[in-house]
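Order of the sequence lines fixes the chain letters, A, B, ..., with proteins taken first and strands second; residue numbering starts at 1 for each chain. Atoms considered below: every heavy atom in the structure, side chains included; atoms not considered: hydrogens, waters and symmetry mates.
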Amino acid sequence: MEGRELHEAIMELARRRGFFWPSFEMYGGLRGFYTYGNLGTKLKRNIEKAWRRFFVDPHGFLELDTPVLNPLRVFKASGHLEHFKDVMVECFKCHRVFRADHLIEEEAGLEYVEAMGEEAIKRLLREKGIRCPECGGDLGEPQEFLTMFQTQIGPMGGEPGFARPEAAQGMFLNFKLGFHHARERLPFALAQIGKVMRNEISPRRGLLRLREFTIMELELFFDPQEGQCPWFKEVSDESVKLITEEMEAEGFKEPLEVTLGEAVERGYIKTEWQAYFMGVSKRFITYLGVPPERQRFRAHLPEERSHYSTQTYDHEVYLESWGWIEVAGHAYRTDYDLKAHQKASGVDLTVRRADGSRFLPHVVEPSFGLDRLVYVALEVAYRKRDGRTVLALPRWIAPIQAAVMPLVARDGLPERAREIWSQLKDAGLTVEYEEKGSIGKRYARQDEIGTPIAVTVDYQTLEDDTVTLRDRDSWRQVRQEASRLPELLRSYINGEREFDELGRPL
RNA sequence: GCGGCCGUCGUCUAGCCUGGCUAAGACGUCAGCCUUCCAAGCUGAAGAUCCCGGGUUCGAAUCCCGGCGGCCGCACCA
C-alpha cells in the first residue's frame, strides 16, 4: 500500500481503534484540531518518555512547564508579532490571494521584502504599481494576517493575549531562574513539552498540520567562546544525510553522506552543539522505528528561516504517503532571544565568565512536533500480513505492552488469566485482558494495535503454571513459567531482551 | 481563499444518474451457545438528525440553491 491509500488506511484504523480522530465532529467539525483517544494518548506519552530519555535525562537538563497564553509584551519583544504576520492582497478581478511581499519580490525584482516591514510593503505595492500576476487585475487593500491566536486577558478588554506559537519563549523568559537552578553553570538546557497554537491558513493531512499541537523543545545555552559540546564525541562518527544550504540553493536533491564530525569540520553545521543534537535526533527517530535511510537533514535557505535563526536544519522523514516531511527543526538561535528580552524588559540576562567578562549565552534548539511523530510512528509501523494488519511499533512505544487471554473462555482458564493480568498490571506494565471470540481473532486484534506480546493461558497452565508467549511480528511462540513474566516482560519491553530469550520455543 | 473530487449506523460500502414500501449488506459491538493456538460457526439484539439549512414535489438519501466539513492541486506552512 502506498500514497494516499496508506494515509487513509491509517486514519481509518486510528479512528476505529481509538488512536485519534478529528475534533468537534458533533458540531460539524473544524479543520486543524484532533482528539487523541486511549491508544493515541498512550502512544503519545510513550514518545514523550522516549524524548526525555534521549534529550533530557542523560544530560541532566531541566524541564519547565510554562503558560500557553502570553501577554502582548512577550511576543512584541521576541519578534513574533512582527514576523508571524503576513501582508496579504486579494485581486479584485479573479479573487486570488497573494502574499504581498512575495508579489513585490517577483514583480519588482527585490529581495527579502518581508524584512522591510509592513509599511514598506504597502508603500512598495503602490509605488511599483503591482497588479495581479494571474489576470492583471487591480489589487485590493493589503490585509494583515496574523498566524498567532489572539484574545483578551482579564475582563472588559484587559490586556491583549496571544497563544504561544512555540514553547521556546517560556525557556527564554525563565532563563535567569533556570540558570540559577542549574547552579549557574553553562552549558545547560531548559526543555519543555507543551501545547502551542498557530492559526494555520490551511491545515492539512491529519496530524501533520494542526492548529493546536504539542511541541517538544529544548534550548541549550552555551558560551559562544567555548562552543565545544562535551558529548559530541559520542555522535561524531554517526553518519547523516545532509542537504546543506549551498546544495539547497543550487537545487541538489541528492543528499551528502557525511559523519557529523566531518560536517562540523567542513562548516556545514555551525556549532558542535547543533551537530550533537542532530546526532541524538537521528538516534531518537530511529528508536521510534524509522530506518536511517529514510531520514535526512535539510538546511533552510535564508528566506525560509525564522527571524531568530542563523542556521536551521530540518530533520525530515520519508513517508510513503507524503514524501519527505519535517519532524524536527534544529535551529541555531544565537543570542537573538535573550538579547531581545533583555532589551525589552530591562532585565540583565548576561552571564559572567571566569575572567569577569559578561556575555549573553548562545542557544541551539532542537524542536520536535509530537503529533507528527505519532503519525510517522504509525505509518512506518503499518504492515499487512495474510490480509491482516500488523502495527509493528517498536515495543518500547507500543500503547499496550501485553495482552493476557485464556485459550478458551471456560474451565477455569479465564480465572487464571485474570490473575496473571493483575500481576502484570501490578508490575507496572500496560496490559489488556481479553476473552471474547476465538484466540485467533484476539491475536489479530492485538496485532492491529501493535501489542508486542500475547500471553495465553491454556490447559497446560492449570497443570504446570506455564503459559505461551506469542510474538506479534513473527507469530512465533515460546513457553514460560507464569511467575517469571513480570520480570521478563519488563526487560523485553525495555529492549534488554529479545523474544527468543523469553522461554522455550514451541 | 480559488479550482477539482467527496460527505449514508463505530468502520467499509450499496442505494443517488432514472425521486416512491420500514434506508440494505458486511465488519465491529452487546447477550447467549459453541470453540484446545492465528480474523471459525449458530441464535438474538442494539446501533443512521442519509453533513446542515432552504427550495422543488403528493413524496427527497436521491433533483436544485446556499452553507459546513473532508481530500487533492495552487498559494501558504517562520
Side-chain angles (χ1 to χ4, degrees), chain A residues 3-5 7-9 11-18 21-33 37 78-80 82-86 88-91 94-99 101-103 114-115 133-135 143 145 147-148 165-166 198-206 208-211 300-309 312 314 321-322 325-326 329 331 367 369 385-390 405-411 413 435-448 454 456-462 467-472 475-477 479 506:
Chain A
R4 177 132 167 245
E5 245 181 36
H7 180 250
E8 277 174 8
M11 298 307 272
E12 188 269 320
L13 172 65
R15 179 189 183 85
R16 187 164 43 79
R17 301 309 303 273
W21 53 87
S23 304
F24 312 120
E25 279 188 321
M26 94 188 273
Y27 286 104
L30 184 60
R31 249 186 308 188
F33 296 89
S78 71
H80 285 83
E82 181 63 26
H83 294 278
F84 259 67
K85 183 172 61 186
D86 290 321
M88 315 287 288
V89 281
E90 186 181 353
C91 169
C94 68
H95 298 287
R96 281 173 214 269
V97 178
F98 304 92
R99 264 185 66 166
D101 55 324
H102 287 188
L103 219 51
E114 184 175 12
E134 294 295 325
C135 74
Q143 302 275 326
F145 178 74
T147 324
M148 283 192 291
E166 59 167 6
R198 296 180 189 180
N199 197 3
E200 295 288 352
I201 296 169
S202 183
R204 287 275 163 97
R205 302 177 177 180
L208 298 185
R209 185 173 208 75
L210 297 171
R211 287 191 164 123
H300 281 193
L301 291 170
E303 58 267 33
E304 190 184 354
R305 276 203 302 263
S306 12
H307 59 281
Y308 49 70
S309 175
T312 299
D314 277 350
S321 56
W322 306 107
I325 66 135
E326 175 196 350
S367 167
R385 179 164 179 180
D386 294 358
R388 299 187 192 174
T389 301
V390 178
M405 43 186 80
L407 183 60
V408 290
R410 62 173 200 212
D411 300 334
L413 266 45
E435 64 175 47
K436 175 93 185 124
S438 70
I439 189 76
K441 188 179 237 170
R442 284 176 259 152
Y443 286 152
R445 284 173 52 87
Q446 294 297 331
D447 285 348
E448 196 183 37
T456 304
V457 170
D458 56 21
Y459 286 97
Q460 194 184 329
T461 311
L462 302 180
V467 295
T468 60
L469 302 177
R470 177 223 183 234
D471 174 39
R472 173 196 67 199
W475 297 0
R476 280 181 303 147
Q477 294 187 320
R479 192 132 197 124
L506 287 186

*Using a 4.0 Å heavy-atom cut-off across all strands, classify A:Thr147 as base, sugar-phosphate, or nothing.*
base
*Please figure out whether A:Ala409 or A:Glu25 has its closest RNA chain B nucleotide nearer the 5' end.*
A:Glu25
*Within a strict 4.5 Å, meaning less than it, do heavy atoms of the A:Gln446 and A:Met405 side chains meet?*
yes
*Which ranges of RNA chain B pair up as stems, where a stem means three or more consecutive Watson-Crick or G-U pairs with both distances under 3.5 Å?*
B:1-7 with B:68-74, B:10-13 with B:24-27, B:29-33 with B:41-45, B:51-55 with B:63-67
*Is it true that A:Asp458 and A:Arg479 make a salt bridge, defined as a side-chain N closer than 4.0 Å to a carboxylate O?*
yes
*Quickly work out the A:Arg15 CZ to B:C12 P distance and round it to whole Å.*
7 Å
*Identify the two heavy atoms, one from A:Pro22 and one from A:Arg15, that lie closest to each other, and give their separation to 0.1 Å.*
CD-NH1, 3.9 Å
*So, for A:Arg209 and A:Pro203, which heavy atoms are closest and what is the spacing to 0.1 Å?*
O-CB, 3.4 Å
_How many whole angstroms separate atom CE of A:Met148 from atom P of B:C77?_
15 Å
*How does each nucleotide of nucleotides 36-50 of chain B score, in 5' to 3' order, for protein heavy atoms under 4.0 Å: base (B), sugar-phosphate only (S), or none (-)?*
BBBBS----------
*Could you give the NE2-to-C1' distance, from A:His83 to B:C76, as a whole number of Å?*
18 Å
*Non-neighbouring partners of A:Glu448 that pass salt bridge (Lys or Arg N to Asp or Glu O under 4.0 Å), sequence neighbours left out*: A:Arg16, A:Arg17
*Nearest heavy-atom pair of A:Ser78 and A:His307: which atoms, and what distance?*
O-NE2, 3.1 Å
*For A:Asn199 and B:G1, give me the distance from atom CG to atom C1', rounded to whole Å.*
14 Å
*Quick one: closest heavy-atom pair of A:Ala454 and A:Tyr443, and the distance?*
CB-CE2, 3.6 Å
*Quick one: list whatever passes salt bridge (Lys or Arg N to Asp or Glu O under 4.0 Å) with A:Arg472, sequence neighbours left out.*
none
_Whether the side chain of A:Arg442 engages the backbone of A:Gly437 through a donor-acceptor N/O pair (distance < 3.5 Å, no angle test) should be reported._
yes
_If you compare all heavy atoms of A:Ile201 against all heavy atoms of A:Arg211, which two are closest, and at what distance to 0.1 Å?_
O-NH2, 3.7 Å
Every protein N/O lying under 3.5 Å from an N/O of nucleotides 3-9 of chain B:
none

*asked:* Which residues pass the ring-ring contact (aromatic ring centres under 6.0 Å, His included) test with A:Tyr459, not counting sequence neighbours?
replied: none
_What's A:Leu413 touching, base or sugar-phosphate or nothing? Going by heavy atoms closer than 4.0 Å._
nothing
